[in-house]
2 protein chains.
Amino acid sequence: MADDLFKALADPTRRTILDELAEKSGQTLFEICARLSMKHRLDISRQGVSQHLAVLEAAGLVETRREGRYKFHDLNAAPLRQITERWPTPDTPGPEEPTP
Amino acid sequence: MADDLFKALADPTRRTILDELAEKSGQTLFEICARLSMKHRLDISRQGVSQHLAVLEAAGLVETRREGRYKFHDLNAAPLRQITERWPTPDTPGPEEPTP
DNA sequence: TTGATAGGCAAGTGTGCACTTGCCTATTGT
DNA sequence: ACAATAGGCAAGTGCACACTTGCCTATCAA
């Protein structure tokens, strides 16, 4: 469960994908491929990116919706909260209520 | 840099070590070994644990202090904040001031 | 229908890394 | 001094995983 989350975050390419989805929501696979190649000089095959997206989706960090032949990808950063909840710091609130 | 952080979190045994240090601060290598074995049924060699601690220390998640022949390990969860700062959610504050 | 676009499935390869084993150094107690 | 304890270094092994290649399906435009 949390296993998938940390595994997904372990790869630098996947983290870059999260960055891209944070910047522009609802991108397709090809769009992500293009941006990785252009902006980040990452020459990775389309299938490589597809597999990364599958891992991110398994972790709950990416959600997808199909429309016709397009598949749009959206970032969901919510699962990340369980990290700071598991190991709280003096300043980070542990479980519940960030701003009452 | 952030690379080390995510790599450190990627391993389940390392996350368990963080849990243990969160529960009891200032443990020695042998103490951690014992607790992993007893509480978590993890039979891992002492050297294995030592290598894990090195990775955690490289990530800034564990800080150490030497006293005589003992080396005490302390958890430092602060680096984890850069995760939720990098991909903020509606409820998690992004950069700066958690509770002024 | 044909061709182009968007995506998926499956098998193969190479490398990073978790883990072990064996030996070595340093501090403490008797 | 010696033995016991706490830890470190270095080389070897095996497996998980990132990435590619090749082929297949589905939707859209001409």
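Because the structure is predicted, anything quoted here is derived from the model rather than measured. Order of the sequence lines sets the chain letters (A, B, ...), proteins ahead of strands, with each chain counted from 1.
If you take CD of B:Q27 and P of D:dA6, they are 14 Å apart, rounded to a whole angstrom. Atom NZ in B:K7 sits roughly 15 Å away from atom P in D:dC17 (whole-Å rounding). The separation between B:F6 atom CZ and D:dA18 atom C1' is 18 Å, rounded to whole Å. Remark: C1' of C:dA4 and CZ of A:F30 are 11 Å apart, rounded to the nearest angstrom. One interatomic measurement links the two molecules: CD1 of A:I17 to P of D:dA18, which rounds to 11 Å at whole-angstrom precision. Counting to the nearest Å, the P atom of C:dA6 and the CZ atom of A:R46 are 11 Å from each other. Distance B:H73 NE2 to D:dG8 C1': 12 Å, rounded to the nearest Å. Protein atom CG of A:D4 is 14 Å distant from nucleotide atom C1' of D:dC17, rounded to whole Å.
Close to C:dG8, at under 4.0 Å from its OP1 or OP2, lies a side-chain N or O of A:K71. Note on A:S45: a side-chain N or O is less than 4.0 Å away from OP1 or OP2 of D:dT20. Dashed line: the shortest gap from a side-chain N or O of A:R14 to OP1 or OP2 of D:dA18 is under 4.0 Å. Residue B:S50 places none of its side-chain N or O atoms closer than 4.0 Å to OP1 or OP2 of D:dG7.
Nearer the 5' end of DNA chain D, as judged by each residue's closest nucleotide, is the contact made by A:I44, out of A:E67 and A:I44. Sequence order on DNA chain C of the closest nucleotides to A:L29 and B:H52 puts A:L29 first from the 5' end. The nearest heavy atom of DNA chain D to A:R69 and to A:D43 marks one nucleotide each, and the one closer to the 5' end goes with A:D43.
Counting any heavy atom pair closer than 4.0 Å across all strands shown, A:G48 reaches a base atom.
Remark: the A:Q47 side chain and the D:dC19 base include no donor-acceptor N/O pair separated by less than 3.5 Å. One N or O donor and one acceptor, one from the side chain of A:Q51 and one from the base of D:dT20, sit under 3.5 Å apart.
Here the side chains of B:F72 and B:T64 are not in contact, with every heavy-atom distance at 4.5 Å or above. Side-chain atoms of B:F30 and B:V49, non-hydrogen and from C-beta on, never get closer than 4.5 Å to each other.
Using a cut-off of 4.0 Å between Lys/Arg side-chain N and Asp/Glu carboxylate O, A:D3 and B:R15 are scored as salt-bridged.
Note that CD of A:E20 and CD of A:E31 are 9.5 Å apart. Values are rounded to the nearest 0.5 Å.
For A:R65, the CZ atom is densely surrounded, since the number of other residues' heavy atoms within 6.0 Å is greater than 12.
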